[in-house]
Participant: 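Handing you this structure, nothing more for now.
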Protein chains: 2
Amino acid sequence: MPVRPPADGRRARGERRRRALLAATLRVIEREGVAGVSHRSVAREADLPVSSSTYYYATLDDLLIATLTWSAREMALGFGAVKPTPGSVARFLAEAVGVNRGRTLAEYELYLLAARRPELRPAARRWITLLSSVFGTMEPAAFLGFVAALDGLLIQGLIADFPPTAEQMEPVVSLLMPSR
Amino acid sequence: MPVRPPADGRRARGERRRRALLAATLRVIEREGVAGVSHRSVAREADLPVSSSTYYYATLDDLLIATLTWSAREMALGFGAVKPTPGSVARFLAEAVGVNRGRTLAEYELYLLAARRPELRPAARRWITLLSSVFGTMEPAAFLGFVAALDGLLIQGLIADFPPTAEQMEPVVSLLMPSR
DNA sequence: AAACTAGTGGGACAGGTGTTCAACTAGTTG
DNA sequence: CAACTAGTTGAACACCTGTCCCACTAGTTT
């Protein structure tokens, strides 16, 4: 908490609106993809006038970048709580392509955007660097393969007709993960 | 070659235009992403009037779907010629995120679109089924991990600041690939 | 020759877009 | 109290969009 600014009520409400806009944007992305994001669609989703969207995020790019990096941070937090065992990891993956499908999709929209815009790359890679802090003890080549496989399992899970279950994922994960 | 229709010159030219439109669309996708595709941008790229784009592909969706499935088939053909050795596979991957970066990006735009539109999924999975015909002898779990890792290596290669080289990929690939 | 058909392309329609702006309200500070 | 500042909002700008339509050309068939 900041101490200097003596709690300006206007700014506090402003911050709340900022967050509401980000959340609304994320919902739009989950529902329609990045393509569906416009100042107007976001404002409609947040039930706010259009100009409030442009007030806080002058350009659409600002809004998109802010939303995707925020979403990435949230997702990384979620994975931070996963125990480094094949079962837990498999369960996390199954949830990512199941219950949290929309969020995971948003994450890969970020990947694609990051491929074209270098400034988004650190945010897109946050997930990878997080993994390296959890599984850093692995042998380098094995670790790289492991991380790549996690991404592949997720993205392939997104284009499967029936999202894979934790039970289906587990053998694959434990094969890639040095059991100890 | 069809035998029945006695070679209608008009139709032949039409087919050529169809292809030109697909190629132009792919160039637009490589340059600006799916977001940059419009009947007008494609027509401009192909140096054709807008109405020729809508004549051959009545809706934008038709055009996008045709382009992405066509591109996927081409990419699958490219991989079909790769020998199932770690070195060859690593070289293929390095080229995919290097020289053929644009094409690979298009492939993952297809993935993302397929996640939201079931009718695109078979096209998106062509690559995976092709792999299974080449590496079908592997043990199931190992194979799934291998395929997932290939996807992961590609997509991570796309958001790297410097695209990984075949030399960097090789150890990872050979670890995932039963040497024989 | 006429009849038919595939392709061609210019123009128009209604609607959505990003962004700017000026008038306004309501909190905060001196 | 007045001065200042942050936030709020509707309206307006110029532009791009998908799609349709109609008059037209040029190949093909009878």
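Bear in mind the structure is a predicted one, so any value in this text is a computation, not a measurement. Just so it is clear: chains get the letters A, B, ... in the order the sequence lines come, proteins before strands, and each one is counted from 1.
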Participant: Given dT17(C), dG7(D), dT28(D), identify the nucleotide with an atom nearest to the side chain of Arg40(A).
Facilitator: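 Output: dT17(C).
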
Participant: Rounded to whole Å, please give me the gap between CG in Leu64(A) and C1' in dT17(C).
Facilitator: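 So the two atoms are 14 Å apart, to the nearest Å.
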
Participant: Same cluster or not: Met177(A) versus Phe143(A), using hydrophobic residues (I, L, V, M, F, W, Y) connected whenever any side-chain heavy atoms lie under 4.5 Å apart?
Facilitator: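 Same cluster: Met177(A) reaches Phe143(A) through Ile, Leu, Val, Met, Phe, Trp or Tyr contacts under 4.5 Å.
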
Participant: What is the separation between atom CG on Asp61(A) and atom C1' on dT17(C), rounded to the nearest whole Å?
Facilitator: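 Rounding to the nearest Å, CG of Asp61(A) and C1' of dT17(C) are 15 Å apart.
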
Participant: What integer distance in Å separates Arg18(A):CZ from dG7(D):P?
Facilitator: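 So the CZ-P distance, Arg18(A) to dG7(D), works out to 8 Å.
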
Participant: Quick one: which of dG10(D), dT28(D), dG18(D) gets closest to the side chain of Pro49(A)?
Facilitator: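 Comparing dG10(D), dT28(D), dG18(D) against the side chain of Pro49(A), the answer is dG10(D).
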
Participant: Select one nucleotide: of dT19(D), dT17(D), dT8(D), the one nearest the side-chain heavy atoms of Thr59(B).
Facilitator: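 Shortest atom-to-atom distance from the side chain points to dT19(D).
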
Participant: Kindly confirm or rule out a cation-pi arrangement of Arg18(B) over Tyr57(B), judged by NZ or CZ under 6.0 Å from the six-membered ring centre and within 45° of its axis?
Facilitator: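 Yes, Arg18(B) sits over the ring of Tyr57(B).
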
Participant: Tell me: OH of Tyr57(A) to P of dG7(D), nearest whole Å?
Facilitator: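 Distance, rounded to whole Å: 12 Å.
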
Participant: Let me know the distance between NE2 of His39(B) and P of dG10(C), rounded to the nearest Å.
Facilitator: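 Answer to the nearest Å: 16 Å.
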
Participant: Answer whether the closest heavy-atom distance between the side chains of Val34(B) and Val28(B) falls below 4.5 Å.
Facilitator: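 Answer no - side chains too far apart.
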
Participant: Charged N to carboxylate O under 4.0 angstrom, Asp8(A) versus Arg13(A)?
Facilitator: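 Not counted as a salt bridge, because no side-chain N and carboxylate O are separated by less than 4.0 Å.
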
Participant: Under 3.5 Å, is there a donor-acceptor pair between the Tyr108(A) and Asp151(A) side chains?
Facilitator: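 Indeed, the side chains of Tyr108(A) and Asp151(A) share at least one donor-acceptor pair under 3.5 Å.
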
Participant: Find the distance Asp47(B):CG to dG9(C):C1' and express it as a whole number of Å.
Facilitator: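 In whole Å, dG9(C) C1' and Asp47(B) CG are 13 Å from each other.
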
Participant: Have a look at Tyr55(A) and say if it touches a base, only the backbone sugar-phosphate, or nothing, with a 4.0 Å heavy-atom cut-off.
Facilitator: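 Base contact.
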
Participant: Any side-chain N or O of Arg17(B) under 4.0 Å from OP1/OP2 of dT8(C)?
Facilitator: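 The answer is yes; a side-chain N or O of Arg17(B) sits under 4.0 Å from OP1 or OP2.
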
Participant: Check every atom of dG18(C), dG7(D), dT8(C) against the side chain of Tyr56(B) and return the nucleotide holding the closest atom.
Facilitator: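 Side chain of Tyr56(B) sits closest to dT8(C).
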
Participant: It should be established whether Arg10(B) places a side-chain nitrogen or oxygen under 4.0 Å from OP1 or OP2 of nucleotide dA26(D).
Facilitator: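 No, Arg10(B) has no side-chain N/O under 4.0 Å of OP1/OP2 on dA26(D).
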
Participant: Starting at the 5' end of DNA chain D and moving along, which residue's nearest nucleotide shows up first, Gly36(B) or Arg13(B)?
Facilitator: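 Whichever sits nearer the 5' end wins; that is Gly36(B).
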
Participant: Just call it for Ser51(A): base, sugar-phosphate, or nothing, with non-hydrogen atoms closer than 4.0 Å on any strand.
Facilitator: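 It contacts base atoms.
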
Participant: Return the value, rounded to whole Å, for the distance between atom CG of Asp8(A) and atom P of dT5(D).
Facilitator: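 The answer, rounded to whole Å, is 12 Å.
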
Participant: In terms of side-chain heavy atoms of Arg11(A), which of dA6(D), dG7(C), dG9(C) is nearest?
Facilitator: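 Closest nucleotide to the Arg11(A) side chain: dA6(D).
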
Participant: Nearest nucleotide by nearest heavy atom, which residue falls closer to the 5' end of DNA chain D, Ser52(A) or Ala58(B)?
Facilitator: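 The answer here is Ser52(A).
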
Participant: Could you tell me how far apart Arg44(B) (CZ) and dG9(C) (P) are, to the nearest whole angstrom?
Facilitator: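 Going from CZ in Arg44(B) over to P in dG9(C) covers 17 Å.
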
